[in-house]
Amino acid sequence: MTGFRLQQAALTVGGQAVLHDLDITIRPGERVALLGESGAGKTTLLRALREQQPNCIAWCPQQPGLVPVLSVFHNLYMGRLDQYATAYNLLNLIRPTPARRREVTALANRLGLGDQLWKPVEQLSGGQQSRINLGRALYQQRSIFIGDEPVSAIDERQGADLLALVCDLHETVVLALHNVDQALAHCNRIIGIRDGRVAFDSPSDQLTSADIKPLYPSDAS
Amino acid sequence: MNRITKTLCISVTALLAPAVLADTFVFTAIPDQDERRLTERFGKIADYLEQQLGVDVQYIPVKSYSAAVSAFRSDQVQMAWFGGLTGVQARQLVPGSQAIAQGVEDTAFTSYFIAHESTGLAPADALTDALRGKSFTFGSKGSTSGRLMPEFYLREQFGEAPETLFNRVGFSGDHSRTIALVESGAYDVGAVNYAVWDAGVEAGDIDTDAVQVIWETPAYPDYQWTIRGDADARFGDGFTQRVQQALLDMTDPDLLTAFPRSGFIPATNADYAPIEATAVTIGIMDAQ
Amino acid sequence: MTTRPLPRGTGAMRRTTGLFILLALLCLPWADIAVHTLAPGRELGRLAQGLLWPQWPTTRTLADAIASTLAFAFQGVALGAIAGFGLALLYRRRAVRWLAASLRAVHELFWALLFIQLFGLSALAGVLAIAVPYAGIFAKVYGELLEETDPAPRQALPANAGRLSSLMFTTLPQAWPNLAAYTRYRLECGIRSSAVLGFIGLPTLGYHLESLLRQGFYAEAAPFFYALLILIATQHRWCRGWMIPAMLLAALWWLPPVAPVNGALIWQFLTHDIVPAPLRSGMDALPWFMDLWQGQLWPGLINTLVLAMLSLVVMGLLGVMLFPTVSRLFGNRWTRGLSHGVLVILRSLPEYLLAFIALILLGPSMLPAIIALGLHNGAIIAHLIGQYSNTLVLRDDAARGLNRYFFEVLPRQFRLFLAFSLYRFETVIRETAILGMLGIPTLGFFIDSAFAEFRFDRAVMLLVASAVLNIAVDSFARRIRQRLHLQHKVQVC
């Protein structure tokens with residue numbers, strides 16, 4: 001696989017430029033965290049990265065985007081819709097096959113959802129839905145993981161476990177995070193975004209809280 | 001045919017079961033009177049024809065004059081007891097079909113104009129201007145005696161369309177209903193088949209104090225049996241002729257009251273040329 | 001934005017309402033409203049007597065008619081739903097939207113008259129007559145329901161998930177409850193449509209109802225009338241879950257949708273019969289068309305519009321007056337129960353049947369049609385607004401009685417009322433056309449005549465005109481809704 005490369009790029013949303021002068025190269029094996037205020041353009045940047053090689057990416061959007069009436073199993077299974085024939089997908093919609101059932105059960109157990117596998121997701125809590133969202137991306141089994149605040153609705157300890165799992169299972173990881181400590185703990189490179197530009201881009205072990213603080217001017221008080 | 005299938009056949013669902021009908025000779029009749037009695041009237045005719053022809057014969061009731069023609073056109077029935085106009089329409093839509101028999105009375109059929117007593121209209125030798133501004137009902141839109149000929153004579157007499165002559169023009173659907181509507185005063189005047197009227201008066205079904213005949217049209221040809229041109233090919237050579245003979249041979253008064261006619265005589269398509277010409281004249285048919 | 005703000009709020013709503021009432025008043029001189037029976041009271045008495053002391057037909061006849069009514073309804077709605085769903089998937093395309101609009105612009109009775117010419121008086125003709133216009137309606141509503149689903153799950157899928165997989169896993173499960181509810185509602189309409197098809201000869205309940213009512217045999221008609229009423233009023237109780245597929249299979253067994261297909265006949269119909277007569281015989285087309293225009297198209301259009309405008313206003317008045325009778329904000333349990341009963345009856349009966357009864361009672365004029373359309377649609381509006389008014393929470397010291405109605409409730413419900421009424425506009429105009437078959441000279445009257453005269457070229461011409469009118473009214477109503485910002489979602493209206 002290859003990495004990502006943005007050169008002198010400007011990204012727009014609905015015709016309005018959100019990010020300017022982007023020069024970002026992400027090599028295989030890197031674990032990158034994007035930091036910045038909400039509205040800074042992290043999501044836009046992640047989308048642009050996804051578009052570069054959509055078929056190699058496990059994608060975990062900020063909005064869980066689950067189908068409320070379907071079970072946890074089906075929402076997790078959906079991560080692989082592109083990998084099987086349509087007929088096989090429909091078969092699993094009606095009657096899950098043993099092989100997929102085993103795999104998804106194992107994944108659900110790791111997510112702490114083993115007991116809820118056949119419940120419609122609309123009956124689950126927000127935190128549980130967040131985990132399903134993450135699980136669906138994990139089930140894709142890609143080498144690159146792109147996640148937009150994948151653990152923001154999950155309690156900190158479990159969030160940390162799941163981030164570790166994400167880093168374990170994927171060669172390359174790009175995450176938008178708002179928890180600075182999590183970013184420093186799990187990623188080896190941090191990109192700070194402010195005012196529509198890259199404010200800094202450096203290895204995490206060279207950064208301190210003081211470097212990061214200017215990213216969040218509205219927290220100044 | 002056993003009794004159960006026979007019952008099934010005269011139910012209104014019968015028409016929708018083509019498989020049953022594959023080798024059955026099916027006929028219908030325009031529903032010109034009380035629809036509840038159609039099956040009673042024509043069921044007996046089916047039995048008679050079955051006996052005479054040696055093939056399964058079935059009568060199926062239809063809802064309207066045009067439904068009778070549609071069924072004939074789509075070969076769901078192979079023969080029908082049509083009125084003058086419906087017969088012309090049917091033979092135009094199904095090339096090769098022919099009129100084979102008509103009632104003795106049908107060579108010189110007439111229509112009655114009937115009026116409610118409140119109009120003060122009295123029987124007369126001609127239609128008068130007293131009709132102007134009254135309300136008027138025909139029978140079915142496709143009826144010869146209830147629409148075509150009355151409209152023809154109205155136009156001939158007054159030189160204008162019924163819609164401008166009367167303050168309201170309606171179509172009752174059949175002759176029994178026309179009589180009922182004029183009898184109740186819902187319409188002032190109506191046009192009706194003379195045979196249905198006479199039979200109704202004889203049976204005492206009509207209140208002749210409330211409604212009476214005010215004019216009778218000149219004679220014209222009316223009802224006839226029409227058979228599809230491909231009947232011989234389907235039921236064997238000479239079949240059409242055998243059907244015609246069976247109809248002409250019908251003498252049982254019990255059967256003939258169904259129509260009601262005193263007997264049947266041969267008929268040809270040419271006998272109905274005047275009807276077709278009239279239909280073109282009053283604009284309910286395109287010249288061929 | 002620099003454009004001037006759109007008129008909205010109460011002022012614009014009041015103006016629109018006033019405009020509709022004004023238009024209806026302007027229509028009055030052209031409307032033929034008079035009672036023409038000498039003794040409507042006596043006829044009404046006979047009807048009441050007949051309804052109270054019904055005369056039972058053979059069980060076989062009644063059972064046959066009920067089975068056929070359900071069979072046409074289930075098959076027609078099922079086929080319409082499948083075809084409509086297919087169209088809904090392509091609903092973004094303009095051509096598909098136009099196709100769907102034209103299919104639903106022609107009333108099922110007229111489709112039936114057409115299909116009877118093609119397939120004879122057969123099960124197939126009846127099933128298609130329901131399925132074709134319903135496909136057009138389903139395409140629109142399904143299309144909107146699918147579009148309303150949350151796009152997030154679709155976007156979260158892996159990039160190459162196939163279209164079908166994506167539909168089955170994300171869009172369809174989300175839309176399913178709404179699709180199912182709407183389809184069930186349509187099934188109720190299907191039973192009504194199926195009954196009405198009997199009026200032109202298919203062996204449903206309407207077949208017997210029409211014959212018997214027309215000839216004044218009210219006692220014999222009553223059982224068929226009650227059967228239809230019970231069928232529709234209880235439909236939501238028995239028509240659920242596994243009953244639906246079971247009923248569908250039973251319907252296919254009872255009335256296999258087949259027809260004696262006669263290729264030559266169909267070919268002749270399509271290439272000869274519906275071609276305008278002058279084109280066939282090489283005559284000048286202009287006089288033919290002018291004749292049709294002056295004699296039928298123009299008067300038919302005018303009468304259709306006049307009848308629709310008057311019916312719409314009567315419907316609105318009845319709706320506004322009747323909704324408090326079923327609202328929890330007014331009356332007590334007994335008055336509400338009684339009113340519910342009456343509204344259910346009025347909602348359940350097809351307009352065509354109501355008009356037919358009114359015609360027998362009042363004689364031939366536009367009045368029976370206005371009453372029928374007003375009552376049926378007014379009952380639906382009253383029911384819907386009544387339901388919504390139950391969600392209003394009034395303060396404890398709110399006024400009572402008429403003051404409550406005029407100050408607290410009506411102003412709050414008026415926007416909703418206007419939205420529902422405009423949605424009903426298209427339905428009213430559709431039904432207006434078919435009431436012509438009862439003798440009111442709307443477009444439907446002339447269409448019926450053309451079929452009775454076997455002039456299919458004229459029939460098709462008139463059908464196209466009535467379809468164009470329906471589409472025009474629909475888009476007019478939609479534009480007013482947009483102008484007044486009445487984008488309330490009303491699927492069951």
Side-chain angles (χ1 to χ4, degrees), chain A residues 43 46-47 50-71 73-94 96 120-122 129-130 132-142 144-148 150, chain C residues 1-3 78 81-83 85-86 88-92 141-185 240-242 244-246 248-249 489 491-492:
Chain A
T43 302
L46 290 180
R47 287 216 180 104
R50 186 194 187 197
E51 273 162 27
Q52 291 201 347
Q53 30 190 334
N55 300 329
C56 309
I57 284 168
W59 170 250
C60 180
Q62 186 168 17
Q63 290 292 328
L66 303 177
V67 180
V69 294
L70 291 186
S71 68
F73 171 88
H74 288 111
N75 274 283
L76 289 173
Y77 177 87
M78 263 182 248
R80 290 236 188 120
L81 284 181
D82 60 334
Q83 294 175 36
Y84 302 118
T86 302
Y88 187 76
N89 288 338
L90 298 188
L91 174 68
N92 275 284
L93 182 61
I94 298 161
V121 300
E122 61 195 349
Q129 294 192 2
S130 260
I132 299 167
N133 180 30
L134 180 60
R136 181 180 54 198
L138 292 176
Y139 191 56
Q140 296 188 32
Q141 295 190 322
R142 305 292 193 193
I144 310 174
F145 181 97
I146 296 186
D148 194 352
Chain C
M1 296 267 264
T2 54
T3 49
I82 293 166
F85 186 77
L89 295 178
L90 305 170
Y91 206 65
R92 292 232 179 88
V141 176
Y142 284 177
E144 284 171 358
L145 289 175
L146 291 178
E147 219 156 86
E148 276 166 28
T149 56
D150 182 5
R154 236 177 349 262
Q155 288 160 1
L157 289 185
N160 270 345
R163 265 179 67 110
L164 184 59
S165 292
S166 159
L167 173 76
M168 295 299 281
F169 274 83
T170 63
T171 316
L172 199 56
Q174 291 190 78
W176 187 258
N178 288 330
L179 295 178
Y182 183 74
T183 311
R184 220 171 296 136
Y185 162 74
R240 50 168 71 174
W242 59 270
I244 296 176
L248 186 58
L249 285 177
K489 281 288 161 206
Q491 260 92 33
V492 286

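Convention: sequence-line order gives letters A, B, ...; per-chain numbering from 1.
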Handout entry: Considering all heavy atoms, the nearest C/Ala152-A/Gly65 contact
Key = CB-CA, 3.6 Å
Handout entry: Spacing of A/Leu81 atom CG and C/Met168 atom CE [to the nearest 0.5 Å]
Key = 11.5 Å
Fill in the blank from the handout: Turns out that what part of A/Leu66 lies under 4.5 Å from chain C's heavy atoms comes down to backbone
Completion exercise
On a heavy-atom basis, the closest approach of A/Pro54 and C/Ala159 is CB-CB, 3.5 Å
Handout entry: Pairs involving residues 141-161 of chain C, ordered by first then second residue, that meet ring-ring contact (aromatic ring centres under 6.0 Å, His included) (sequence neighbours left out)
Key = C/Phe138-C/Tyr142
Scan chain C against chain A and return every donor-acceptor pair whose distance is under 3.5 Å.
unit_1	atom_1	unit_2	atom_2	d
C/Gln155	O	A/Arg50	NH1	3.3
C/Leu157	O	A/Arg50	NH2	2.9
C/Asn160	ND2	A/Asn55	OD1	3.1
C/Ser165	OG	A/Asn89	ND2	2.6

